[in-house]
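All values reported here derive from a predicted model rather than from experimental measurement.
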Amino acid sequence: MRKGFLIGGGLIIIGLLLQLCIGPVRWDVLAWPVNGIVLGCFLAVIILLFLLRKKVNACRFLGTYHAAIPTLVYAIVLTIIMGLTRQSADGEWLSNMLSFWPFVLIYVLMATILGLVILHRLTQIVNGPSLLLHLGLFLAMTTATLGNADMQRLMMITNVGETEWRALTQDSKVREMPFAINLKRFIMETYDDGTPKRFASEIQVMTRSGKNFQATVDVNKPVEVEGWKIYQYSYDMQMGAMSKTSVLELVRDPWLPAVYTGIFMMLLGAVLLVTYTRWSYKRLLPIGALVVVALCIVSYFMPIIRSTKLVPALQSPWFTPHILVYIICYSLMGVVAVMAIWMLIKGKQATDRSSLITSLDNLVYVGLAFMTVGMLFGALWAKEAWGHYWSWDPKETWAAITWFAYLVYVHYRQLPTHKPRLVLWILILSFILLQMCWWGINYLPSAQETSVHTYNT
C-alpha cells in the first residue's frame, strides 16, 4: 500500500501549498450552475479513469483496496484533527477543516475511488448490498458537498401580532421572502423546575401566489411552504414562557432529493448486508449476551437515557430507533473487541481459529450495518430538527471517524496479504474510537458549548 500512502501524502502537500498560495477553499463560488458543471466534469473524469484502467497502471490502481485503505487512513487522521480542534466558520487552517485544502483533497480522492469501484461493481453485477452502499455514499457525499452553496439558511424574527416578510442571511443581510409570516401566539411548556419541555409558534403564512393558511411550527416538526421549510429556532430567552418573540429558521435545499436518494440507498444496502451473514462460532452467543448486558447497564446509567426531562429536540419519534440501533451496534462491536483481544492473547493456539475469524468478520459486517443505519437515522432526524442532515458537529465528526475505522478493517481483510495481528489491532483501535464517539465526546474541549449533541439533562 506504499503507493497509496504516497498519493495521499502528495495530495496533502499540494493542499498545504494551495492553502498558502490562494487561501482556504471558497465553497460559495460553487453556486448553481457552477456546481452542476463541476459535478459533470468530475463524473467525466471518473469515467475516463475507468476506461483507461487497462492501459494506464495508475488508473487501475485507484480502483483497488491498496488505494482505498491509505485514503481512509488519511481521512481518519484529518477528521480526528477536526474532532479535537474547535471549528469555526471564520477560522483558518485546522480550525476550519471544511475549507482546509488537504482535508478537501483527501475527500475528493475518496469520492474518486468510490466512483471507480462503483463502475467496476456495475460491470460485475455482484454483491448488491455493497454496490448500494458505495453508490449511496457517493451520491450523498458529492451532492451534499456541491449543493451546499445553493442551500439557503435564513433567520426570521417574528413578534406576536406583527407580519414579517424579511429575513436575515448568515452575514446579517436583509432579504425579502416570497411569503409573509404573522406570529399569532408563542407557546411554551415547561417542567416543574422551569426548563423548557416544548416551545412552538402558531403562525399564519401568506404567499405571493395567494395561499393563506395557519400552522404550528414545533421543534422536530417544521412547516413547508413553496420549497422552504420553516423551523422553530429560538425565542426571547429573558422572557421565557412569556415571550412575545419567536425566532424561525427558513431553509431551502434544492439538492435535498439527490442527497435523500443516496441516504435511502445506503439504508437499503445496510439492511441487506445483515442477510449476507452466516454464523458458525459456538461461543458467540454467551460472549455476545455478556457484552450486550454490560452495555445496556452502562446505557441505563447514562443521564440522557434515564432523564424524564428531555429537551425539545430529543422529543421525536426518531429518538428510540436512533438510540436502539446504536446500542445494538455498540454491543456487537463490543463482542468483536472482546474476541479480538482473546485472539491476540491465544494467538495460534486457538484450535477453532478459522471459525472464529469467520464469525468475527460477520459480526463486523452486521455491526457496521447497524452503525450505518444509526448514523443515517441521525441524519434524517437532524434534518427535521435543525434543518441540516450533516453539519460536522463534533458528535457527527466522531461518528464519521468510527465508521471509517471499521471500513479500514473491512477493506484490509480483503487483501490476501493482510497481517492477522494487525487486523485484530485495527478492531481494538476502532472500538476505542467508538468510545470517543459514544461518551468521550462530552469531555472534549472542542465540543463544549458548540455541540448540539451535548445536553445538560
* Asked: Does Phe377 have any ring-ring contact (aromatic ring centres under 6.0 Å, His included) partners at least two apart in sequence or in another chain, and if so, which?
  -> Trp318
* Check: Leu168 and Val174 side chains under 4.5 Å, non-hydrogen atoms -> yes
* For Gln19, enumerate each residue passing the side chain to side chain donor-acceptor pair (under 3.5 Å) test, keeping only those at least two apart in sequence or located in another chain. => none
* Structure fact -> Value for CD1 (Ile46) from SG (Cys59), rounded to nearest 0.5 Å, stands at 12.0 Å
* Asked: Under 4.5 Å between any side-chain heavy atoms of Val29 and Val34, yes or no?
  -> no
* Identify, with sequence neighbours excluded, every residue that meets salt bridge (Lys or Arg N to Asp or Glu O under 4.0 Å) alongside Arg153. => Glu249
* Asked: Rounded to the nearest 0.5 Å, how far apart are CG of Leu119 and CG of Leu43?
  -> 9.0 Å
* To do: Would you please indicate if the ring centroids of Tyr326 and His322 are separated by under 6.0 Å?
  => yes
* Side chain to side chain, Trp93 and Thr85, heavy atoms closer than 4.5 Å -> no
* **Flag, side chain of Lys221 to backbone of Tyr231, donor-acceptor distance under 3.5 Å** => no
* Minimum heavy-atom distance Met333-Leu368, with the two atoms named -> CE-N, 3.3 Å
* Qualifying residues under salt bridge (Lys or Arg N to Asp or Glu O under 4.0 Å), relative to Arg26, sequence neighbours excluded -> Asp28
* Asked: Would you say Leu62 and Arg53 make side-chain contact, with heavy atoms under 4.5 Å?
  -> no
* Among all residues two or more places apart in sequence or in another chain, which pass the ring-ring contact (aromatic ring centres under 6.0 Å, His included) test with Phe61? -> none
Solution key, residues 4-17 side-chain donor-acceptor pairs under 3.5 Å, sequence neighbours excluded:
none

* Has the side chain of Glu396 got a donor or acceptor atom that lies under 3.5 Å from a matching backbone atom of Ser391? -> yes
* Please confirm whether the backbone N or O of Met375 pairs with a side-chain atom of Trp403, one donor and one acceptor, at under 3.5 Å? => no
* Asked: What do you reckon, is CD of Glu92 surrounded by more than 12 foreign heavy atoms closer than 6.0 Å?
  -> no
* **CG on Asn148 to CH2 on Trp27, rounded to 0.5 Å** => 8.0 Å
* To do: Report yes if some heavy atom in the side chain of Asn362 is under 4.5 Å from a heavy atom in the side chain of Tyr365; otherwise report no.
  => yes
* Donor-acceptor contact present, side-chain Gln87 to main-chain Leu94, <3.5 Å -> yes
* Asked: Could you go step by step and tell me if Phe138 and Val117 meet the side chain to side chain contact (heavy atoms under 4.5 Å, CB included) rule?
  -> CA-CA 10 Å; Phe138 179 84; Val117 171; over 6 Å; no
* Phe404 and side-chain contact (heavy atoms from CB on, under 4.5 Å): which partner among Leu72, Val77, Thr71? -> Leu72
* Find the distance between CG (Leu132) and CG (Leu139) and round it off to the nearest 0.5 Å. => 11.5 Å
* To do: Check whether any side-chain heavy atom of Asn57 sits under 4.5 Å from a side-chain heavy atom of Arg60, and report yes or no.
  => yes
* Tell me, please, which residues at least two apart from Lys55 pass salt bridge (Lys or Arg N to Asp or Glu O under 4.0 Å). => none
* To do: Applying side chain to side chain contact (heavy atoms under 4.5 Å, CB included), run through Phe50 and Thr123 and close with a yes or a no.
  => CA-CA 11 Å; Phe50 180 74; Thr123 60; 3.9 Å; yes
* Given Ile401 and Met436, is the side chain to side chain contact (heavy atoms under 4.5 Å, CB included) satisfied, shown in steps? -> CA-CA 10 Å; Ile401 293 168; Met436 283 296 301; over 6 Å; no
* Give, for atom CD1 of Ile441 and atom CG of Asp393, the distance between the pair rounded to the nearest 0.5 Å. => 7.5 Å
* To do: Give a yes or no answer on whether the side chain of Gln435 reaches the backbone of Cys437 with a donor-acceptor pair at less than 3.5 Å.
  => no
* Would you say Asn35's side chain and Leu30's backbone share a donor-acceptor pair under 3.5 angstrom? -> yes
* Judged by atom type as modelled, is there a donor-acceptor pair below 3.5 Å linking the side chain of Tyr412 to the main-chain atoms of Lys419? -> yes
* Asked: Are side-chain heavy atoms of Phe370 and Tyr330 found at a separation under 4.5 Å?
  -> no
* **All side-chain contact (heavy atoms from CB on, under 4.5 Å) counterparts of Arg413, not counting sequence neighbours** => Ile357, Asp361, Tyr409, His418, Val423
* ring-ring contact (aromatic ring centres under 6.0 Å, His included) against His411, all qualifying residues, sequence neighbours excluded -> Tyr65
In a table with atom names and distances, give each donor-acceptor pair under 3.5 Å that connects a side chain of residues 254-271 to protein atoms at least two apart or in another chain.
from: Trp255; atom 1: NE1; to: Asp150; atom 2: OD2; distance (Å): 2.8
from: Thr261; atom 1: OG1; to: Pro257; atom 2: O; distance (Å): 2.8

* To do: Look up atom NE2 in His388 and atom NZ in Lys383, then write down how far apart they are to the nearest 0.5 Å.
  => 8.5 Å
* Counting N and O atoms only, with roles assigned by atom type, does the side chain of Tyr233 sit under 3.5 Å from a partner on the main chain of Leu250, one being a donor and the other an acceptor? -> no
* Asked: ring-ring contact (aromatic ring centres under 6.0 Å, His included) with Trp101: which residues, sequence neighbours excluded?
  -> none
* Intermediate values then yes/no, side chain to side chain contact (heavy atoms under 4.5 Å, CB included), Leu424 and Leu360 -> CA-CA 10 Å; Leu424 300 177; Leu360 196 64; 3.8 Å; yes
* Begin from the C-alpha positions of Asp90 and Ser88 and carry the test side chain to side chain donor-acceptor pair (under 3.5 Å) through to its verdict. => CA-CA 5 Å; Asp90 300 325; Ser88 171; 4.7 Å; no
* Structure fact -> Closest non-hydrogen contact found for Pro70 with Ala67 is CD-O, 3.5 Å
* Asked: Which pair of non-hydrogen atoms, one from Leu98 and one from Val104, has the smallest distance, and what is that distance?
  -> O-CG2, 3.5 Å
* To do: Identify whether the distance between the nearest side-chain nitrogen and carboxylate oxygen of Lys229 and Glu384 falls below 4.0 Å.
  => yes
* Asked: Is Trp228 close to Met177 at the side-chain level, that is, under 4.5 Å between some pair of heavy atoms?
  -> yes
* Asked: Between Val251 and Gly387, what is the shortest heavy-atom contact and its length?
  -> CG1-O, 3.8 Å
Name every donor-acceptor pair, under 3.5 Å, that has one atom in a side chain of residues 105-116 and the other anywhere in the protein, sequence neighbours excluded.
from: Tyr107; atom 1: OH; to: Thr79; atom 2: OG1; distance (Å): 2.8
from: Thr112; atom 1: OG1; to: Val108; atom 2: O; distance (Å): 2.9

